[in-house]
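In what follows, chains are A, B, ... by sequence order, proteins preceding strands, each numbered from 1.
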Amino acid sequence: MQLYLSQEIQLYNSISGKKEKFTPINEGYVGMYVCGPTVYSNVHLGNVRTFMSFDLVFRYLKHLGYKVRYVRNITDAGHLENDADEGEDRIAKKARLEQIEPMEVVQRYTVDFHTILDKFNFLPPSIEPTATGHIIEQIEIIKDILEKGYAYEINGSVYFDVIKYNEAHKYGTLSKRNVEDMIHNTRELDGQSDKKNPQDFALWKKAEPQHIMRWPSPWSDGFPGWHLECTAMSTKYLGEKFDIHGGGMDLKFPHHECEIAQAEACNGHSPVNYWMHANMLTLNGKKMAKSTGNNILPGELFTGNNSNLSKAYSANVVRFFILQAHYRSILDFSDDALLAAEKGYNRLMEALKTAKSLATSNTSSFDVENWKQSCYNAMNDDFNSPILIANLFEGVKLINLIKDGKESITQEDLDLLLSTMHNFLFDVLGLTSTSEGNQSTGNENALSGTVELLIKLRNEARADKNWALSDQIRDELLALGIQLKDGKDGTTFTVAS
RNA sequence: GGCAUCAUGGCCGAGCGGCUAGGCAGCGGUCUGCAAAACCGUCUACAGCGGUUCGAAUCCGCUUGAUGCCUCCA
């Protein structure tokens, strides 16, 4: 029996503003689309958090036995600097500044994106389509919208007519805005825009003569509007109606609003049942901005090479830290918070090692089955990873108390405890075991042997009560980043990472 | 200025009307030759002012502040 039959997910639907029971369109199958990055610069840490939130969703749905088709696009054309105006394509701009081809920009930052996500142990999406690979599909959608009368062509460009659309449908349901307010509050200066109204958005843009990113269309040689690619690709791979659409909060308006309008103009109905939006990341209480230096690149976390960081952090620690907050809350990134997360993470992993050598009893003094369900309950409640983690720490405490002889557990319950911890930590939260993750190299074996030797010598000195020598060994190793840990069963060591 | 979201203890962060969140730090223990590490135990909350209710961190109103979008930065 699949787990999803016994676990009911409640998820927060941005469009209704409420938690709703999750029921996929086709039982056992889930279609999920998440707006991917525009590959015009190094992936933003906030982007990492957004995609990590949906990695968590993807992993949990799979864990429950759903067959999930997860589509996450790469925007490699059409994303303008300024959506409301005659902006420049972000990728084209970067290419101009760097004096390289747009596709070189795309390639460079797509590779960066994948490299960083790999380090954080993201599962690859089922399909990762690009905007430039779906120009034909986008043109077909524009034709359809034109035929339905919700778009108009001017000077080789095609714009979506928001006012007209709003007469038959409602524009702004997701972001809870109404078109009248938007018209009254438009601050935009009246530029040389071809648009009938500032709220209209581009479906197709005629390319300037020097613009290299151009494709033929019935209207002009040009390129598609940013919002259109997501409609084209989600429809192609997931259908006119699919289960979950996700993205960062900042995409709610206008991007997702435009997607709804485009799809509804074509198909007469909303494309998505559940909208999910991941919240922002701040740094030291303020928003991240490259211009003020209040910014960390994901890669800098691994080197510690940033004035906001006191040291380097492993991808696991960062992942653990991010998942300790709920995806719908603003999360504040800081060195102190990362240090705290690192200690907590280490404690969790230590307990896992401890658990392997626990003595079992004939009876259990703890209801493991009940605890396990509370882990599921946490995730079922809108993917509440912080509560899940709190539950996992209950497991840590139990393990340590059993070790101290203050609680008891049967072999059967211990197996259940361990498999549950393992499933949630590694499969659902996507952490990797430190011991499994780091393969021992020859150097590490040599180091290990050397330290073991020093431990042996130190123990001989201690047996002779030669404290000066034993403390020298201990202290000088510590200065080198090797900490000796004297326990009841002998001395172990850890190497600072 | 408009729309939206939010404000929890030294720090991070759950909480969706009554019942312990959790992590880190601190404090007290266990262990130790002394330490460190590890483990156990434990204290400090609910932005302000009103209201609803037998009862509010949790619902409503106002005030203050923050964040996102509208206006380059996810």
Side-chain angles (χ1 to χ4, degrees), chain A residues 14 17-19 35 37-38 41 43-51 80-85 87-88 90 93 172 174-178 181-182 184-189 198-199 247-255 257 277-282 285-292 294-295 320-321 324-326 328-348 350-351 354 378 381-382 384-394 396-397 399-401 403-404 406 462-463 465-467 470-471 474-475 478 483-488 491-494:
Chain A
S14 307
K18 287 185 297 213
K19 280 184 197 168
C35 293
T38 301
S41 66
V43 62
H44 193 286
L45 194 55
N47 252 152
V48 171
R49 149 106 124 155
T50 297
F51 299 133
L80 302 183
E81 278 285 295
N82 178 350
D83 185 73
D85 206 349
E88 189 175 5
R90 294 183 188 209
K93 181 182 179 186
L174 178 63
S175 54
K176 296 172 180 62
R177 294 164 200 238
N178 69 67
D181 284 350
M182 287 164 56
H184 292 140
N185 292 316
T186 298
R187 294 170 130 210
E188 186 183 329
L189 296 172
Q199 287 70 37
M249 276 284 238
D250 50 329
L251 296 181
K252 229 175 177 181
F253 186 90
H255 184 58
E257 208 67 80
H277 290 95
N279 215 137
M280 302 289 106
L281 202 58
T282 56
K286 282 176 277 189
K287 81 162 165 175
M288 284 200 194
K290 287 171 196 166
S291 53
T292 61
N294 196 237
N295 187 50
F320 179 74
F321 168 71
Q324 246 183 332
H326 186 82
R328 280 193 291 118
S329 299
I330 293 172
L331 171 62
D332 188 46
F333 220 86
S334 69
D335 196 58
D336 284 347
L338 279 169
L339 280 169
E342 183 171 57
K343 290 186 180 172
Y345 168 77
N346 287 337
R347 194 165 150 241
L348 208 44
E350 280 301 312
T354 304
D381 185 12
D382 198 28
N384 201 320
S385 53
I387 291 194
L388 169 64
I389 289 171
N391 277 307
L392 295 177
F393 274 108
E394 290 297 311
V396 168
K397 184 178 283 189
I399 288 166
N400 289 324
L401 286 170
K403 189 191 173 196
D404 281 4
K406 289 172 183 160
R462 291 173 77 196
K465 296 196 192 304
N466 185 349
W467 309 129
S470 70
D471 288 357
R474 175 227 285 164
D475 296 340
L478 185 60
Q483 181 168 47
L484 300 187
K485 297 177 177 180
D486 295 329
K488 275 182 180 157
T491 303
T492 56
F493 72 95
T494 53

Could you pull out all residues at least two apart from [X] that satisfy side-chain hydrogen bond (donor to acceptor under 3.5 Å, both in side chains)?
X	answer
A:N47	none
A:S14	A:H277
A:H326	A:D382
A:R49	none

[atom1] spacing across the pair [N] / [M], given as an integer number of angstrom:
N	M	atom1	answer
B:rG55	B:rG65	C1'	30 Å
B:rU67	B:rC46	P	24 Å
B:rC72	B:rU63	P	30 Å
B:rA7	B:rC16	P	13 Å
B:rA38	B:rG23	P	14 Å
B:rC27	B:rG10	P	16 Å
B:rC24	B:rA14	C1'	15 Å
B:rA57	B:rA47	P	10 Å

Determine the contact category for A:T354: base if any of its heavy atoms lies under 4.0 Å from a base atom, sugar-phosphate if only primed atoms, P, OP1 or OP2 are that close, otherwise nothing.
->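 The residue A:T354 makes no contact with any strand.
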With heavy atoms under 4.0 Å as the rule, sort A:G344 into base, sugar-phosphate or nothing.
-> sugar-phosphate
Paired stems touching RNA chain B, three or more consecutive Watson-Crick or G-U pairs with both distances under 3.5 Å?
->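 B:1-7 with B:64-70, B:10-12 with B:22-24, B:26-30 with B:38-42, B:47-51 with B:59-63 - these are the stems of 3 or more pairs that involve RNA chain B.
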How close do [X] and [Y] get, counting heavy atoms only, and between which atoms?
X	Y	result
A:L348	A:L392	CD1-O, 4.1 Å
A:S329	A:N279	O-CB, 3.3 Å
A:M288	A:T282	CE-O, 4.3 Å
A:T50	A:G247	CG2-C, 3.8 Å

Separation of [N] [atom2] from [X] [atom1] (nearest whole Å):
X	N	atom1	atom2	answer
A:D381	B:rC16	CG	P	8 Å
A:L339	B:rG26	CG	C1'	16 Å
A:N295	B:rC72	CG	P	18 Å
A:K19	B:rG15	NZ	C1'	9 Å
A:L392	B:rA14	CG	C1'	14 Å
A:E394	B:rA14	CD	P	18 Å

Quick one: is A:N384 getting a side-chain N or O under 4.0 Å of the B:rG15 phosphate, OP1 or OP2?
->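 A:N384 to B:rG15 OP1/OP2: side-chain N or O found under 4.0 Å.
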What one-letter contact string describes [range] from 5' to 3', where B marks a base within less than 4.0 Å of any protein heavy atom, S marks contact via sugar-phosphate atoms alone, and - marks no contact?
range	answer
nucleotides 39-45 of chain B	SSS----
nucleotides 28-37 of chain B	-----BBBBB
nucleotides 3-12 of chain B	S--------S

Return the set of residues passing side-chain contact (heavy atoms from CB on, under 4.5 Å) with [X] (not counting sequence neighbours), or none when no residue passes.
X	result
A:K485	A:Q483, A:T492, A:T494
A:S175	A:R177, A:F253, A:E257
A:A378	A:I387, A:L388, A:N391

Any side-chain heavy atom of A:V43 sitting closer than 4.5 Å to one from A:V48?
-> yes
First encountered from the 5' end of RNA chain B, between A:L281 and A:I389 =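 Result of the comparison: A:I389.
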Between A:F253 and A:S329, which is nearer to the 5' end of RNA chain B once each is assigned its nearest nucleotide?
-> A:S329
If the plane angle is over 60° it's perpendicular, under 30° parallel, otherwise tilted; pick one for A:F333 and A:F321.
-> perpendicular
Partners passing salt bridge (charged side-chain N to carboxylate O under 4.0 Å, His left out) against A:D471 (at least two apart in sequence or in another chain) =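 In terms of salt bridge (charged side-chain N to carboxylate O under 4.0 Å, His left out), with neighbours along the sequence ignored, A:D471 is linked to A:R474.
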Candidate pair A:N295 and A:H44, rule side-chain contact (heavy atoms from CB on, under 4.5 Å), full reasoning | CA-CA 9 Å; A:N295 187 50; A:H44 193 286; 4.0 Å; yes
Of all the choices, B:rA21, B:rC69, B:rG22, which nucleotide is nearest to the side chain of A:P386 once you look at every atom?
->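 My answer, after comparing the listed nucleotides, is B:rA21.
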